[in-house]
Amino acid sequence: MNARTEPAEAEPDAPARPPLVRELLLVAGLFLVYKFGRRLASGHTGEAFRNARHVWDLERWLHLPGEGGVQSLLLHGDTLVHVANTYYATVHFPATAAFLVWLYLRRPGHYVWARRVLAAVTGAALVLHLAFPLAPPRMLAATGLVDTGRLYGPSVYGPPRTDALSNQFAAMPSLHFGWALMVAVGLIVATRSRWRWLWLLHPLLTLLVIVGTANHYWLDVIVATTLLGAALAVLRLPHHRPARTTGGPTRPRPVARPADRHRLVGAGR
């Protein structure tokens, strides 16, 4: 078999899938670090409420729409507000986990990129939670909003003084929205369906839910979007070279120079 007929060695067009055990340990470790960090940020009640009043006043100074307008839409019926509370309580983690699992199985290169972006956003959010404890609008009497989770259920939070599982003073930024937006961005980038833009409904619904249930301010969403945008700008999706065909390298066709064309024309005379 000569060099002309011997098949060339194909280059992979996608990176190898990372080892499963390593990824499970890595993701679990990142989650535990985040949960432990959130617990460190709890207990700053006075500072959290002072920051909440500052955020509320800043939103009014910026003429942002009132969160109460969204909540009033939910309060038209018990069923609607119950669905919103259920969405807030049950969709956040499972949707993000399903997104990562699908990428790991079907788009390994996109998985590594998405995991890095989510880790960067979550790490930056943890720093903000530690530096800027913030009570959610449902706790601030000045907002006039109600705690829909406590009144209508289901609620993921207990009384702040006895809730040992979560830090309720970590409203800014909203990781509910930041993760949901990354899920939509990741699926839009990783797929080619003409319907892929419908994934943006996930962060849109999340936005309406977290504001309408009085768990987050508009500024929490703005800060989360800014952090995600910065992470996407720094951690770009790597481009991979397509695999070569087995027919061997193709040589570029020579382009005739003007002088050569004149010679060819003269040769036919």
Side-chain angles (χ1 to χ4, degrees), residues 12-18 22-24 26-35 37-38 55 62 64 87-88 91-132 134 170-211 215-242:
D13 59 349
R17 185 175 293 110
R22 188 194 71 182
E23 289 303 309
L24 289 176
L26 178 60
V27 173
L30 291 173
F31 178 76
L32 291 176
V33 168
Y34 172 71
K35 293 296 289 186
R38 281 175 64 100
V55 168
L62 293 173
L64 294 179
Y87 192 96
Y88 180 84
V91 173
H92 176 49
F93 282 107
T96 308
F99 163 69
L100 290 175
V101 169
W102 185 85
L103 287 183
Y104 179 84
L105 295 175
R106 302 295 298 273
R107 304 288 191 276
H110 290 79
Y111 163 78
V112 174
W113 164 70
R115 188 247 292 151
R116 289 173 178 170
V117 172
L118 284 172
V121 171
T122 305
L126 178 58
V127 172
L128 275 176
H129 294 163
L130 293 170
F132 192 76
L134 180 65
M172 180 179 288
S174 169
L175 283 180
H176 265 76
F177 182 79
W179 286 12
L181 185 58
M182 180 56 202
V183 168
V185 170
L187 289 173
I188 290 171
V189 172
T191 58
R192 291 293 177 265
S193 169
R194 69 175 65 181
W195 303 104
R196 67 188 186 277
W197 297 99
L198 291 178
W199 288 112
L200 290 173
L201 290 176
H202 176 45
L204 177 59
L205 287 175
T206 301
L207 171 63
L208 297 177
V209 164
I210 63 177
V211 173
N215 281 292
H216 286 284
Y217 306 89
W218 293 117
L219 284 178
D220 300 340
V221 175
I222 294 174
V223 172
T225 305
T226 302
L227 290 179
L228 178 59
L232 290 173
V234 173
L235 302 171
R236 295 177 178 269
L237 180 66
H239 296 284
H240 306 286
R241 291 180 298 176

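In this text the structure is predicted, and so the values were computed from the model without any measurement.
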> Report yes if some heavy atom in the side chain of Trp102 is under 4.5 Å from a heavy atom in the side chain of Leu187; otherwise report no.
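A side-chain contact under 4.5 Å exists here.
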
> Minimum heavy-atom separation for Ile188 to Trp197, with atom names?
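Scanning both residues, the minimum pair turns out to be CD1-CE3, 3.6 Å.
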
> Quick one: closest heavy-atom pair of Leu207 and Trp218, and the distance?
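Shortest heavy-atom separation between Leu207 and Trp218 comes out as CD1-CZ3, 3.7 Å.
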
> For Met172 versus His129, what's the shortest heavy-atom pair and its separation?
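Smallest interatomic distance, heavy atoms only, reads O-CD2, 2.9 Å.
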
> Counting only heavy atoms not in Arg116 (residues, nucleotides, ligands), do more than 12 fall under 6.0 Å from its CZ?
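No - once you tally the heavy atoms of other residues, nucleotides and ligands closer than 6.0 Å, there are 12 at most.
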
> Please round to the nearest 0.5 Å and tell me the distance separating atom CD1 of Ile222 and atom CG of Leu219.
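Between Ile222 CD1 and Leu219 CG, I get 5.0 Å after rounding to 0.5 Å.
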
> In the structure I gave you, are the side-chain heavy atoms of Leu118 and Leu100 within less than 4.5 Å of one another anywhere?
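SC-SC contact between Leu118 and Leu100 confirmed.
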
> May I ask you to decide if Ala171's main-chain N or O and His216's side chain share a donor-acceptor pair within less than 3.5 Å?
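Checking the backbone N and O of Ala171 against the side chain of His216, a donor-acceptor pair under 3.5 Å is found.
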
> So do Phe132 and Val55 actually touch side chain to side chain, heavy atoms under 4.5 Å?
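In contact.
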
> Please report the interatomic distance OG(Ser174) to CG(Leu134), rounded to the nearest 0.5 Å.
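Result: 11.0 Å between the selected atoms.
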
> Can you tell me how far CG of Leu204 sits from CG of Leu198, rounded to the nearest 0.5 angstrom?
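Leu198 CG to Leu204 CG: 11.5 Å, rounded to 0.5 Å.
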
> Can you check whether Trp195's main-chain N or O pairs, donor with acceptor, with Ser193's side chain at less than 3.5 Å?
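Indeed, once roles are kept as given, a pair shorter than 3.5 Å links the two residues.
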
> Would you mind reporting whether Arg107 and Tyr111 have side-chain heavy atoms less than 4.5 Å apart?
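In short, these two side chains do not touch, never coming nearer than 4.5 Å.
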
> Can you measure from CD1 (Ile210) to CG (Leu205) and round to the nearest 0.5 angstrom?
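Those atoms lie 11.5 Å apart.
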
> Check whether any side-chain heavy atom of Leu128 sits under 4.5 Å from a side-chain heavy atom of Leu227, and report yes or no.
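Yes - at least one pair of side-chain heavy atoms lies under 4.5 Å apart.
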
> Are the side chains of Leu232 and Leu237 in contact, using a 4.5 Å heavy-atom criterion?
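Counting from C-beta outward, Leu237 and Leu232 never come under 4.5 Å.
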
> Minimum heavy-atom separation for Leu228 to Val117, with atom names?
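Shortest heavy-atom contact: CD1-CG1, 3.6 Å.
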
> If you count the non-hydrogen atoms of other residues, nucleotides and ligands that lie under 6.0 Å from CH2 in Trp199, is the total more than 12?
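No.
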
> Tyr104 ring centre to Arg17 NZ or CZ under 6.0 Å, with the angle to the axis within 45°?
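Yes; both conditions hold, so Arg17 lies above the ring face of Tyr104.
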
> List the atom of Thr206, the atom of His202, and the distance in Å for their closest heavy-atom pair.
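Smallest interatomic distance, heavy atoms only, reads OG1-O, 2.8 Å.
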
> Identify all side-chain donor-acceptor contacts of residues 176-183 below 3.5 Å with residues at least two apart in sequence or on another chain.
| unit_1 | atom_1 | unit_2 | atom_2 | d |
| --- | --- | --- | --- | --- |
| His176 | NE2 | Tyr88 | O | 3.2 |
| Trp179 | NE1 | Thr122 | OG1 | 3.1 |

> Should the heavy atoms of other residues, nucleotides or ligands under 6.0 Å from CZ of Arg194 be counted, would the total exceed 12?
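Not more than 12 within 6.0 Å, no.
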
